[in-house]
Amino acid sequence: MAVRRASSTASHCSQSLLLLFFLYLLVCAHGVPNYSDALVKSILFFQGQRSGKLPRDQRITWRSSSALSDGAAAHVDLTGGYYDAGDNVKFNFPMAFTTTMLSWSAIEYGKRMGAQLENVRVAIRWATDYLLKCANATPGKLYVGVGDPNTDHKCWERPEDMDTVRSVYSVSAANPGSDVAGETAAALAAASIVFLRVDPMYSKLLLRTARKVMQFAVQYRGAYSDSLNSAVCPFYCSYSGYKDELLWGASWLLRATNDVTYFNLLKSLGANDSPDIFSWDNKYAGAHVLLSRRALLNKDKSFEQFNQQAEDFMCKIIPGSPSSTTQYTPGGLMYKLGQSNLQYVTSITFLLTTYAKYMQASRYTFRCGNTMVTPNTLKITAKRQVDYILGQNPMKMSYMVGYGPDFPRRIHHRGSSLPSKTSHPQEIGCDGGFQPFFYSSNPNPNILVGAIVGGPNQNDFFSDDRTDYSHSEPATYINAAIVGPLAYFSTTR
Ligand SMILES: *[C@@H]1O[C@H](CO)[C@@H](O)[C@H](O)[C@H]1NC(C)=O
């Protein structure tokens, strides 16, 4: 905001000229972001994270098939799915959240995606094929991950060379996991909506499995970290507890089925937290926005409580709102937490554009204290975040790999930082990757197109340092949440 002070007309004029000049620099020198281009790349990224047998039409060609015996430790087939980030572990908790967000993107923004909608469906299916195996392979069990993270993290090797122990983790009635089960149910239910028309049989299977997994989450309540300990913590501990996943799972099942059972379930959970964050861990805000759709679009009074909570969330986020609890960097980036901050930016941006859409469709506005909030208020806040990620920032670099002229070159990602099997067929063992590659200051040999990294620090600075995983590591859930907003801005002015 400009600082107002008494001044002569002449200096006013030069100030305006200066302001115009900076606007020119921002808009013309760096150009309007090409949201369509960013959208294509944000989806392509998922191919680089694929585990299992890769298909012929694989377009990220420096990757090849990997982890083809996953599940063998439990005598089941658990091949497929995604590596969560720069390592070679399949963590179902964030993978399911990724799937839910990709599905929500397709449901809410699919009409704006053109040919990209099919690519999003393929990306979703890569995860749901795996999640279905996890839910249906062994009666009474839900598999929740493959690969010992503590062993994996000690190595710097390509997924194709992986020789670490591929432990299989599960939850059951005796060792419950309402967090991971609730999220898995949410993912399967959301995906069932995506495939409803294009593949009704698959959609039915997804929904049937979602109901079963949700039933398990509700009936046997508990945190998966209580039994899995160091296999999931501190990596993907459910720090926020499992009530948010029960709410989120019930909300998605309600959306997919309209079954009153799920309405009763979400009501039975009692008072909800109203946090100022949204992530793979904490889903309250996502559930509140999802449920507010009924209050706004269907004018259903029994959902007003959730709409109120969605508004409270927006008031904690919007800059200048009297109840804002959200920090912004000098360059304008939402800043929530030091580790992989952009994950919060993309997830919250998704809620901003989605709630703006609901408001616009129902001609709704609300207030944060005395500040009037219109759909445009949310849209401007969201657009600023997307534009920042795509290069309108003090570093003048895009935080999406392969987008724009300047982007992170040394991302914390095993496959990207090591030579491909084609260029270096010899095996690179557990320790083999550290000296020549991990600690090297050279750019990564393989470009993981579309990957969004953890991002800059709270002073807008980014060091592009491979060893600094808090800032230079990509993750599936950072990308999944930006797919919707990119589709939105590619078709909205
Ligand atoms: C934006 O990117 C798309 C897809 O990469 C490309 O086809 C299009 O020409 C680009 N648009 C502009 C204005 O550069």
Side-chain angles (χ1 to χ4, degrees), residues 20 22-50 54-63 98 101-102 104-126 194 342 345-346 349-350 352-353 356-357 379-380 382-393 395-409 411 413 415-416 443-453 455 474-476 478-493:
L20 275 178
F22 280 120
L23 278 176
Y24 167 81
L25 277 186
L26 214 62
V27 177
C28 304
H30 301 288
V32 176
N34 186 335
Y35 301 109
S36 306
D37 188 36
L39 174 65
V40 171
K41 290 171 176 165
S42 70
I43 303 163
L44 184 58
F45 155 78
F46 288 91
Q47 292 198 7
Q49 298 301 113
R50 282 173 169 176
L54 302 190
R56 281 172 196 279
D57 63 1
Q58 169 79 13
R59 288 181 52 218
I60 294 194
T61 51
W62 47 266
R63 281 293 324 282
T98 296
M101 293 310 292
L102 276 176
W104 200 0
S105 299
I107 294 165
E108 208 68 63
Y109 302 93
K111 287 199 181 93
R112 298 164 183 260
M113 287 179 184
Q116 291 313 306
L117 177 56
E118 180 51 23
N119 291 333
V120 176
R121 286 195 201 110
V122 170
I124 293 167
R125 197 166 187 142
W126 194 271
V194 174
L342 286 185
V345 178
T346 61
T349 297
F350 186 99
L352 289 170
T353 56
K357 252 179 110 232
K379 231 167 108 173
I380 289 166
K383 191 162 185 290
R384 183 71 199 97
Q385 300 310 304
V386 172
D387 292 355
Y388 185 109
I389 291 172
L390 296 181
Q392 290 184 4
N393 57 59
M395 295 288 290
K396 297 185 170 35
M397 72 185 291
S398 144
Y399 290 102
M400 177 187 280
V401 173
Y403 176 90
D406 194 13
F407 54 81
R409 302 280 175 177
I411 67 171
H413 188 278
S416 167
N444 287 6
N446 305 309
I447 310 283
L448 183 54
V449 173
I452 298 177
V453 296
T476 55
I478 308 181
N479 267 64
I482 207 172
V483 169
L486 287 173
Y488 185 64
F489 289 118
S490 71
T491 56
T492 308
R493 298 284 151 243

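In each ligand, atom 1 is the first atom listed, and ligand 1 is the first ligand listed.
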Which protein residues come within less than 4.0 angstrom of ligand 1, counting heavy atoms only? Asn34, Asp37
So, do Trp62 and Ser416 sit near enough that their side-chain heavy atoms are less than 4.5 Å apart? yes
Who are the side-chain hydrogen bond (donor to acceptor under 3.5 Å, both in side chains) partners of Thr346, not counting sequence neighbours? none
How would you list, by chain and number, every residue that makes a side-chain hydrogen bond (donor to acceptor under 3.5 Å, both in side chains) with Arg112, sequence neighbours excluded? Thr491, Thr492
Set of residues satisfying side-chain hydrogen bond (donor to acceptor under 3.5 Å, both in side chains) with respect to Tyr388, sequence neighbours excluded: Asp460
Taking side chain as C-beta onward, heavy atoms only, is Gln58 less than 4.5 Å from Arg63? yes
When you measure from the centre of the six-membered ring of Tyr109, is the NZ or CZ of Lys357 under 6.0 Å away and within 45° of the axis? yes
